[in-house]
2 protein chains.
Amino acid sequence: MITQKEIGEKLGLSPSTVASILGGSASLRYSKKTRELVVQTAKKCGYQPNRASRAVQRGRSNLLGIIHFGLALEIARKVAFELPQAINAAGYDYMVVDIQWHGGSIERVLNEMIQARVEGVIISNMMEAFGSEYIEILNRAGIPVVTVYGDDRLNIVAVSNDMRSAFCEMGLHLQKVGHQCLLLTIGESQARPVKERIDGLEKALGEPCPQLKEDEFFQGWADFRQQTHGSTVGIVVQLKTKSFSYDFAAANYAFSQRLFSTDILPDAIMCSNDQGAFGVFNAATERGLSIPRDLAVTGADDDEFGKYPMFGLTTIRSDVAQSCAAGVKLLKDRIQKKTSFRASKIFQSELVLRTSCGRSNPMGGEEVAAETRACGQDVIPF
Amino acid sequence: MITQKEIGEKLGLSPSTVASILGGSASLRYSKKTRELVVQTAKKCGYQPNRASRAVQRGRSNLLGIIHFGLALEIARKVAFELPQAINAAGYDYMVVDIQWHGGSIERVLNEMIQARVEGVIISNMMEAFGSEYIEILNRAGIPVVTVYGDDRLNIVAVSNDMRSAFCEMGLHLQKVGHQCLLLTIGESQARPVKERIDGLEKALGEPCPQLKEDEFFQGWADFRQQTHGSTVGIVVQLKTKSFSYDFAAANYAFSQRLFSTDILPDAIMCSNDQGAFGVFNAATERGLSIPRDLAVTGADDDEFGKYPMFGLTTIRSDVAQSCAAGVKLLKDRIQKKTSFRASKIFQSELVLRTSCGRSNPMGGEEVAAETRACGQDVIPF
DNA sequence: TTGAAAGCGGTACCAG
DNA sequence: CTGGTACCGCTTTCAA
């Protein structure tokens with residue numbers, strides 16, 4: 001790989017001349033002839049600036065770090081797709097790391113980022129495993145952090161969509177079409193996105209829901225169903241999920257198998273995301289149950305698969321590009337010290353009504369005709 | 001972020017002393033007291049080496065580049081998961097880029113890699129869009145290239161699994177259980193992994209198959225089916241897929257809808273991958289067809305979803321970790337000039353028999369009982 | 001056992 | 001218009 005110095009030697013020019021011309025900063029002061037000569041030679045020899053040298057000299061890397069927690073969820077892949085574009089648009093380059101790629105070692109991932117001297121970090125779908133001790137590591141290194149679709153309990157700047165309003169709307173709709181016993185499945189996380197889902201359901205029901213672990217739930221399920229028959233109720237069931245991976249499909253599949261084997265069905269199962277809903281669908285099919293005839297199922301995230309008539313999944317859609325762009329903007333502001341205070345951002349989502357929740361009008365022809373409804377409002381707290 | 005120089009100033013030591021101790025190379029020559037002092041101080045102050053400075057001085061980045069073409073396919077995500085681990089195990093760090101993240105601009109991605117001075121590049125699931133002009137760019141920059149599950153027509157070192165043997169085995173099995181008219185759907189790529197699938201099917205049939213574009217296929221389908229009734233035949237149908245994205249599910253869904261609307265069914269549809277098979281499943285369900293009662297469907301890649309009883313998808317399983325490790329090893333050898341010649345590697349795969357291909361014995365209890373059968377042999381050509 | 005010094009590939013400032 | 005020079009953070013060699 002050719003260097004500026006070598007180009008200078010080739011042309012009988014000093015390295016600083018070549019540097020000024022290729023660096024672009026003061027290139028206009030040089031004669032057109034020299035400029036063209038240098039630029040042409042550089043191109044001919046395939047010169048590309050050395051990012052590392054530039055970073056050393058400038059004292060800044062121009063890099064933002066992106067941290068993922070696995071890309072199994074389609075929503076995470078949407079973020080993975082949008083963030084780099086938003087970052088480039090903001091004039092930064094980026095480096096991507098997935099906690100899973102390092103066997104779950106968060107510390108190692110953070111050290112890589114610090115060694116690369118990233119100027120800021122964006123964490124996608126931040127899980128609880130990312131505790132305050134890790135935020136502290138980044139703080140000590142002077143690296144600001146923003147999370148997109150993550151937990152904001154650690155006093156981090158967070159961008160998210162208003163899942164509370166969305167799940168409330170969904171709960172209201174389920175009631176409207178006649179469902180009374182609503183079951184919400186969540187994972188082991190107690191992070192904000194999860195809390196919002198629960199809050200939303202409770203708001204729709206007008207009362208708090210019991211929140212049970214899987215085993216507790218099955219101990220009381222039969223009695224509960226009998227006693228509450230005829231009234232509108234909700235239960236939150238906390239499923240076991242592996243840490244560092246979102247195996248919602250498997251968790252909801254296993255839970256549904258067990259649930260269906262009791263032969264006592266709720267009216268609707270609301271899953272935290274579409275992956276979970278697919279797990280319910282699989283268990284239902286296996287058991288010979290039909291959705292939505294025997295029970296309704298809903299998800300969240302608007303995965304591609306849910307659009308197919310096999311599922312026709314009622315879900316919640318968020319504008320991922322919007323959130324990613326906002327996250328990058330907030331991070332850039334923090335890097336440039338434009339904001340010293342916490343300035344999270346919440347966007348509204350859309351309720352997408354398809355067939356799985358038992359709507360009256362059936363699906364259309366070639367494509368599933370989906371209604372959508374805006375949920376929540378764009379909010380800037382603090 | 002503290003530097004070695006600053007640690008030296010703090011302790012009244014010269015920067016080179018600090019450097020030698022923290023760099024590890026010659027640290028044993030220093031007194032135990034000095035060593036511990038430096039190491040403790042560094043830890044206390046959160047010192048982390050500056051990757052860029054180190055790269056500048058050493059003249060090498062210690063980085064390998066990973067290029068993806070989208071992570072929608074589960075097999076691509078498996079590669080994304082395994083490669084970093086294999087790379088770290090080989091003593092390198094890595095940078096990851098997805099062509100999709102840059103709106104499909106391969107050139108831009110390559111320039112990022114070159115500017116980061118990666119010492120080698122691994123391309124995952126390389127598509128045809130990655131033409132010889134791009135290989136040429138990397139060659140000129142002196143960067144060796146290896147592809148895992150990619151095309152090897154460009155004279156690149158390639159690691160792959162023996163899809164020819166696997167598809168042959170699958171074709172033979174389908175015949176064994178009574179299927180005669182076998183339809184193989186492929187995308188627009190003519191890359192080696194695709195060719196191998198076709199070759200495998202043709203080997204199983206003992207004769208070449210006609211290869212048709214979607215429209216051509218439907219022109220002759222009814223006649224063809226009638227004329228070949230009672231004999232074992234195969235057709236390859238080339239579906240339209242978007243470049244830079246593997247939307248196999250959508251392509252196979254659309255094709256199957258059209259196919260099923262003719263009311264003339266093949267005995268089996270073999271898809272290039274499981275995603276495609278899911279598309280067929282969706283179209284079949286929509287049409288009220290049952291798999292495998294009305295027709296058989298097979299895939300490849302062994303996606304998680306295919307294991308569920310909803311699909312019970314017969315598929316082909318490859319050891320991704322094995323291929324990734326081999327790819328990294330080949331790349332490392334090329335970087336260290338241990339191999340000047342082409343040395344690709346082919347591993348065997350496994351045929352996973354589930355219910356979708358219409359086997360006699362039905363699925364078991366909790367899990368789908370799958371038979372598996374080894375396909376092909378580990379081969380080192382050249 | 002320690003430190004001085006050269007150098008990696010750039011950037012940026014200033015003198016001529 | 002062009003070139004000299006200092007410097008960024010780190011590595012490595014060699015002399016003390």
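Quick caveat: nothing in here was measured; it's all calculated off a predicted structure. Letters A, B, ... are given to chains in the order of the sequence lines, protein chains preceding strands, and every chain is numbered from 1. Computation of the quantities below employed the complete heavy-atom set of this structure, encompassing side-chain atoms and omitting hydrogens, waters and symmetry-equivalent molecules.
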Rounded to the Å, how far apart are [X] [atom1] and [N] [atom2]?
{"X": "N62(B)", "N": "dC10(D)", "atom1": "CG", "atom2": "C1'", "answer": "15 Å"}
{"X": "R35(B)", "N": "dT2(C)", "atom1": "CZ", "atom2": "C1'", "answer": "13 Å"}
{"X": "L22(B)", "N": "dG9(D)", "atom1": "CG", "atom2": "P", "answer": "15 Å"}
{"X": "L37(B)", "N": "dT1(C)", "atom1": "CG", "atom2": "P", "answer": "16 Å"}
{"X": "R60(A)", "N": "dG9(D)", "atom1": "CZ", "atom2": "P", "answer": "15 Å"}
{"X": "Y30(B)", "N": "dT11(D)", "atom1": "OH", "atom2": "C1'", "answer": "12 Å"}
{"X": "E9(B)", "N": "dT2(C)", "atom1": "CD", "atom2": "P", "answer": "18 Å"}

* Asked: side-chain contact (heavy atoms from CB on, under 4.5 Å) with Q48(B): which of R117(A), M113(A), E112(A)?
  ->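 Only one option passes, and that is R117(A).
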* Within less than 4.0 Å of OP1 or OP2 of dG3(D), is there a side-chain N or O belonging to S14(A)? ->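 Yes, because at least one side-chain N or O of S14(A) sits under 4.0 Å from OP1 or OP2 of dG3(D).
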* Is a donor-acceptor contact shorter than 3.5 angstrom present between the side chain of S16(B) and the base of dA4(C)? ->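 Donor-acceptor pair under 3.5 Å: yes.
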* To do: Run the ring-centre check on F81(B) versus H68(A) and record whether the distance is less than 6.0 Å.
  =>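 No.
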* Asked: Hey, is CD on E107(A) packed in by over 12 heavy atoms from elsewhere, all under 6.0 Å?
  ->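 No, CD of E107(A) has 12 or fewer neighbouring heavy atoms, counting only those of other groups under 6.0 Å.
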* Asked: If you count the non-hydrogen atoms of other residues, nucleotides and ligands that lie under 6.0 Å from CD in E136(B), is the total more than 12?
  ->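 It does: E136(B) CD has more than 12 such atoms within range.
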If you restrict it to nitrogen or oxygen atoms, what contacts under 3.5 Å exist between nucleotides 7-10 of chain C and the protein, and what is each distance?
| from | atom 1 | to | atom 2 | distance (Å) |
| --- | --- | --- | --- | --- |
| dG7(C) | N2 | Q57(B) | OE1 | 2.3 |
| dG7(C) | N3 | Q57(B) | OE1 | 3.3 |
| dC8(C) | O2 | Q57(B) | N | 3.2 |
| dG9(C) | O4' | S53(A) | OG | 3.0 |
| dG10(C) | OP2 | Q4(A) | N | 3.2 |
| dG10(C) | O5' | Y47(A) | OH | 3.3 |
| dG10(C) | N2 | Q57(A) | OE1 | 2.5 |

* Does a side chain donor of either T17(A) or Y30(A) reach within less than 3.5 Å of an acceptor in the other side chain? ->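 Checked: T17(A)/Y30(A) side chains show no N/O donor-acceptor pair below 3.5 Å.
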* Search all heavy atoms of I143(B) against all heavy atoms of I114(B) and return the closest pair with its distance. =>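 Heavy atoms only, the tightest pair is CD1-CG1, 3.9 Å.
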